[in-house]
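In what follows, a single structure is set out as C-alpha cells and then discussed.
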Amino acid sequence: MRHIISILIENESGALSRVAGLFSARGYNIESLTVAPTEDPSLSRMTLVTRGSDDIIEQITKQLNKLIDVVKLIDLADSVHIERELMMVKVKTNEQTREEIRGMADIFRGKIIDVTPTTYVVEMTGPSSKLDAFIAAIDGDSIIEVVRSGPTGISRGEKGLHL
Amino acid sequence: MELNGAQIVIQSLKDEGVEYIFGYPGGAVLHLYDAIFQQDDVKHILVRHEQGATHAADGYARATGKPGVVLVTSGPGATNAVTGIATAYMDSIPMVIISGQVPSPVIGSDAFQEVDMVGITRPCVKHNFLVKDVTKLAETMKKAFYVATTGRPGPVVVDVPKDITDPSIKVPYKYPKKVTIRSYNPAVTGHKGQIKKAVDLLLTAQKPIIYSGGGVVLGEASKELIEFTHTLGFPITNTLMGLGAYPATDKQFVGMLGMHGTYEANMAMHESDVIIAIGARFDDRVTGKLDQFCPHAQIIHIDVDPASISKTVKVAIPIVGEVKPVLEQMLEMIRESKKKPSKKALENWWNQIEQWRSVKCLEYDRESRLIKPQYVIEQLYEVTKGDAYITSDVGQHQMWAAQYYPFDKPRRWINSGGLGTMGFGLPAAIGVKLAFPDSEVACVTGDASIQMCIQELSTALQYKTPIKIINLNNSYMGMVRQWQEFSYESRYSHSYMDTIPEFVKLAEAYGHVGMRIDKPEEVRPALEEAFAMKDRTVFLDILTDRTENVYPMIESGKGHHDMTLRVASGTSTDRELA
C-alpha cells in the first residue's frame with residue numbers, strides 16, 4: 001500500500017542522505033521525497049512517499065525513528081489528511097491549440113504563468129492523481145517538459161506534526 | 001581554560017575517563033598526536049594497521065563495558081578502520097572513532113588522503129559527526145560518547161578536519177557534564193501493561209524456553225537473568241553473543257541455539273509453546289528457515305531497540321526497554337503473582353529435554369590419533385579453569401570455542417558474531433589484556449583467520465600484553481571447506497593455501513614464543529607450559545584433524561528440528577535424525 005511519511009528532521013547537512021541511505025541500504029523504495037526548512041529554521045520537514053506491506057512500513061518507520069537526526073514522524077496514511085503536489089508543464093502552442101490548452105487548464109484549475117508566441121507554462125496543484133489526469137487529457141506530443149514537486153501532505157483537524 | 005582543538009579532543013577523552021586510545025598517526029591527525037605526546041593520562045596504543053586499532057578497542061569495550069576509543073588519520077587510515085567499525089556496529093559495541101580529515105577549505109577537492117568518512121561509515125555507525133566549528137568540538141565529543149553508550153550501544157565516528165585541531169586557535173574549554181539530544185530518547189523501563197501480559201503468558205506456559213542474547217551482556221543484566229531463570233525453572237538457551245550471560249555449567253542451560261547450537265536447545269525452541277527472547281534479535285543464524293521457526297510458540301520479546309522487534313519474526317508481546325530494568329519489573333510481578341508455573345507441565349517438559357540431551361550431540365571421536373580441535377578447547381577450558389577471556393576469529397574454531405568452552409561469566413567470550421570478521425581475535429585479545437592484565441587471555445583462531453591481522457603480534461610485544469594464541473591449524477579455511485563438502489560435492493575451491501607460514505618462526509620473529517603441537521598427548525602439557533609463561537605471548541600452532549567438521553548443524557534453508565548430527569565418530573559422513 002502507498003504511504004506518505006511526514007518527518008521532522010534536524011536541518012543539518014547529511015540528514016537527507018541518512019534518510020536516503022537508509023532506504024537504499026535496506027531495500028525500501030522511495031516514490032518521491034520532498035524536503036524544505038520549516039518555520040523553525042533548525043528543523044526540516046520531509047515528505048516521503050513509499051510503498052510496502054504493513055510489516056515493511058512498520059520497519060521503515062522504526063528505522064527512520066532510530067536515526068538520530070529524525071525528531072518525529074507520522075504516517076499520514078493512518079489518518080485523514082490532505083495531499084498536494086505542485087506541477088509545472090511547458091507545452092508547445094500554436095494558433096489552433098492555444099484556446100484548447102487554456103480551456104483545459106481552467107477545467108483543472110491550473111494557471112498559465114508564462115507565455116511566449118510558441119509556448120505556455122501551466123502551473124497546477126492538487127492530489128497527484130489530478131495532475132496525472134491533466135497530463136493524460138492534453139496532447140502528449142505538445143508537452144515539452146513536466147516538473148513535479150512530489151506530494152506533500154498535512155493531516156486534517158487539530159492533530160499535527162510538531163514538537 | 002583555553003585550549004586548541006587538538007587539546008580539546010584529548011582533554012575530552014580525559015574527562016570521559018578514557019584509559020586507552022588505539023590508533024595510528026598520519027598527516028591529518030598530526031596536531032592530535034602532538035597533543036597526545038604532551039600528556040600522560042590517556043595512553044595511546046600504537047597498532048600496526050588501523051583495522052587492528054578498531055578490533056583492539058572493540059575487545060577492550062566488550063570485556064569492560066566501557067567505550068573503546070580509536071584514533072586514525074584521514075583517507076586510508078579511515079577506510080582501514082571501516083571493517084572494525086562495521087564489526088562493532090553489528091554487535092552493538094560502544095566505540096568512539098576519531099578520524100582525521102583534510103582541512104575544511106579543501107574538503108571536496110579530492111585532496112591528498114581525502115575520503116568522505118562520514119559518507120562511507122553512515123550505514124555502519126550508530127551516528128557520525130563532521131566537526132565544522134572548534135567551539136562545538138567539546139560538545140560533539142560529549143554527544144559522541146553519549147550516543148555510543150546509551151540505548152542500544154554502537155560505534156560513533158567523529159570526523160575532525162585538520163584546521164579544527166590547529167594549535168594556534170584556542171577557544172574556551174568546558175566539557176559538558178550532560179548533553180541532551182531532542183531527537184534521541186532511548187527507552188529504559190518497559191511498559192507495565194505489556195510486562196503484565198508477558199508475565200501472565202509465562203506463568204501459563206507448558207513448554208517455555210528463555211532465549212537470551214548479547215543484549216543481556218551489554219545491558220549488564222546477567223544477575224537478573226539468572227534470578228529470573230531460577231525463579232521460573234525454565235530451560236534457557238543463549239545465542240552466540242549471549243554466551244556467559246547465563247552460567248553454561250548450570251543445569252537449566254541447554255546450550256547455544258542456532259546453526260551450530262545443541263540439539264536440545266534447537267528442539268526445545270521448535271517444540272516450545274512460549275518463548276521469551278531477551279536482548280536477542282532473531283538473527284538468521286539463530287532462526288534457520290523463517291517459516292519453520294518455532295511453529296507452536298507465542299513469543300515475548302524484550303529489546304531496547306524497537307526496530308529489532310518483529311523485524312524478521314512477528315512477536316505476540318513486544319517490550320521495549322533495557323533488559324535489566326525490564327527483568328527487575330518482571331521479577332517483581334512474578335513474585336507478587338498468585339499464579340505459579342505448572343510443576344507438572346515443567347516436569348514433563350524437562351523430561352522431554354533430557355531425552356534430547358541424551359543424544360549427546362557434542363560427542364566426538366576421543367580415540368583419534370589426530371588432534372581433534374574439540375579436544376584442544378576442552379583442554380584449554382581445564383588449564384584455564386574456565387576463567388579465561390577467550391577471543392576468537394571467525395570460522396570452525398569459533399564454533400568449537402563456543403561449543404566446548406562453557407562460559408560461566410559475561411564478557412568472557414569475545415567474538416565477532418554479526419559481521420563475522422576474520423582477523424578480529426588477535427587485536428581484540430590485546431585490548432582485553434590491556435584492560436585485565438592479571439587475567440588469562442587466549443585467542444582461539446585458525447590458520448586462515450590469524451593471518452588477517454597477524455601484524456598485531458608486534459603491538460602485543462610493544463605493550464607487553466602476554467596472550468596465548470591457540471591456532472587450530474587444519475591448513476584449510478575450515479568453515480568454507482565444510483560448506484563445500486556439504487553443498488558443493490567436496491569441490492574445495494580456494495579454501496586452502498599451499499603456503500602457510502611456519503607460525504613458530506613467525507612468532508619468534510615477532511619476539512614471542514612459538515610452539516608446534518602435532519600429537520594429542522602433547523596438547524595438555526603444551527597448554528600448561530604456555531600458560532605458565534606469564535609474561536610471554538605464546539603462539540601454539542596446533543595441527544588438528546584437517547577434515548573435522550562442526551556438528552551439529554542446521555544446514556541453510558532448514559528449520560530447528562532438522563539438524564544434521566554426527567554419526568560415527570571421526571568420519572565426515574552424517575545422517576539426519578528423524
Side-chain angles (χ1 to χ4, degrees), chain A residues 3 5-30 33 35 37-46 48 50 52-75 78 160-163, chain B residues 86 89-90 92 104 107-108 116-133 136 140 143-144 146-148 150-159 179-187 281-282 290 301 303-315 318 320:
Chain A
H3 288 256
I5 299 171
S6 245
I7 308 165
L8 279 179
I9 190 164
E10 297 289 352
N11 185 10
E12 273 175 27
S13 67
L16 173 64
S17 57
R18 286 181 210 281
V19 172
L22 170 71
F23 274 71
S24 61
R26 294 194 181 264
Y28 308 138
N29 73 69
I30 300 183
L33 177 72
V35 56
T38 63
E39 78 285 4
D40 172 354
S42 72
L43 283 175
S44 289
R45 170 103 174 209
M46 192 180 276
L48 200 152
T50 182
S53 64
D54 288 352
D55 289 352
I56 288 173
I57 300 297
E58 185 184 330
Q59 260 303 304
I60 288 176
T61 54
K62 281 175 170 177
Q63 293 291 349
L64 282 169
N65 265 316
K66 206 167 138 178
L67 294 177
I68 307 285
D69 284 337
V70 169
V71 183
K72 226 173 175 186
L73 65 84
I74 51 166
D75 181 353
D78 286 344
L161 180 65
H162 50 78
L163 284 191
Chain B
Y89 180 67
M90 287 292 271
S92 310
S104 312
I107 287 180
D116 175 13
M117 184 60 165
V118 167
I120 282 180
T121 58
R122 195 181 298 120
C124 62
V125 292
K126 186 168 172 191
H127 196 56
N128 55 23
F129 298 94
L130 172 65
V131 182
K132 290 176 175 166
D133 178 355
K136 300 257 173 68
T140 305
K143 279 184 180 170
Y146 170 59
V147 171
T150 50
R152 179 179 181 175
V156 175
V157 165
V158 183
D159 201 29
V179 280
T180 50
I181 301 173
R182 61 179 169 184
S183 54
Y184 176 70
N185 303 293
R281 61 182 179 88
F282 298 85
L290 274 176
H301 188 184
D303 206 297
V304 73
D305 176 12
S308 277
I309 295 176
S310 293
K311 183 171 66 179
T312 54
V313 172
K314 272 275 185 197
V315 303
V320 178

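Bear in mind that the values here come from a model prediction, so they are computed numbers and not experimental data. When reading the values below, keep in mind they use all heavy atoms of this one structure, side chains included, and skip hydrogens, waters and symmetry mates. Quick note on labels: first sequence line is chain A, next is B, and so on, each numbered from 1.
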*Would you mind checking which part of L163(A) comes under 4.5 Å of any heavy atom in chain B, side chain (CB onward), backbone (N, CA, C, O), both or neither?*
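Interface part for L163(A): side chain.
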*Side chain, backbone, both or neither: which part of S42(A) has an atom under 4.5 Å from a heavy atom of chain B?*
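When you check distances to chain B, atoms from both the backbone and side chain of S42(A) fall under 4.5 Å.
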*Nearest 0.5 Å, what's the OH-CD distance between Y184(B) and E10(A)?*
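So the OH of Y184(B) and the CD of E10(A) are separated by 14.5 Å.
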_Atom pair CZ/CG of R182(B) and L43(A) - distance to nearest 0.5 Å_ =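 These two atoms lie 4.0 Å from each other.
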*So with a 6.0 Å cut-off around CG of N185(B), is the heavy-atom count from everything else above 12?*
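Yes, because the 6.0 Å sphere around CG of N185(B) holds more than 12 heavy atoms from other groups.
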_Max heavy-atom pair count under 4.5 Å with chain B, selected residue of R26(A), R18(A), Q63(A)_ =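 Top count of heavy-atom pairs under 4.5 Å with chain B: R18(A).
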*Which heavy-atom pair separates R122(B) from G14(A) by the least distance, and what is that distance?*
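Where R122(B) meets G14(A) most closely, the heavy atoms are NE-O, 4.4 Å.
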*Do you know the tightest heavy-atom contact between S13(A) and K132(B)?*
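Here S13(A) and K132(B) meet closest at OG-NZ, 2.8 Å.
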*With only heavy atoms counted, which part of I309(B) is less than 4.5 Å from chain A, the side chain, the backbone, both or neither?*
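When you check distances to chain A, atoms from both the backbone and side chain of I309(B) fall under 4.5 Å.
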_Check: K62(A)/S310(B) side-chain N/O donor and acceptor closer than 3.5 Å_ =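 On atom types as modelled, these side chains do not qualify, holding no pair under 3.5 Å.
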_Per-residue contacts, residues 65-74 of chain A versus chain B, heavy atoms under 4.5 Å_ =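 Residues in range: K66(A), I68(A), D69(A), V70(A), V71(A).
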_Run the salt bridge (Lys or Arg N to Asp or Glu O under 4.0 Å) test on E58(A) and K314(B) for me, step by step, so that the C-alpha distance in whole Å, both residues' side-chain angles and the decisive distance to 0.1 Å come before the verdict._
CA-CA 12 Å; E58(A) 185 184 330; K314(B) 272 275 185 197; 3.7 Å; yes
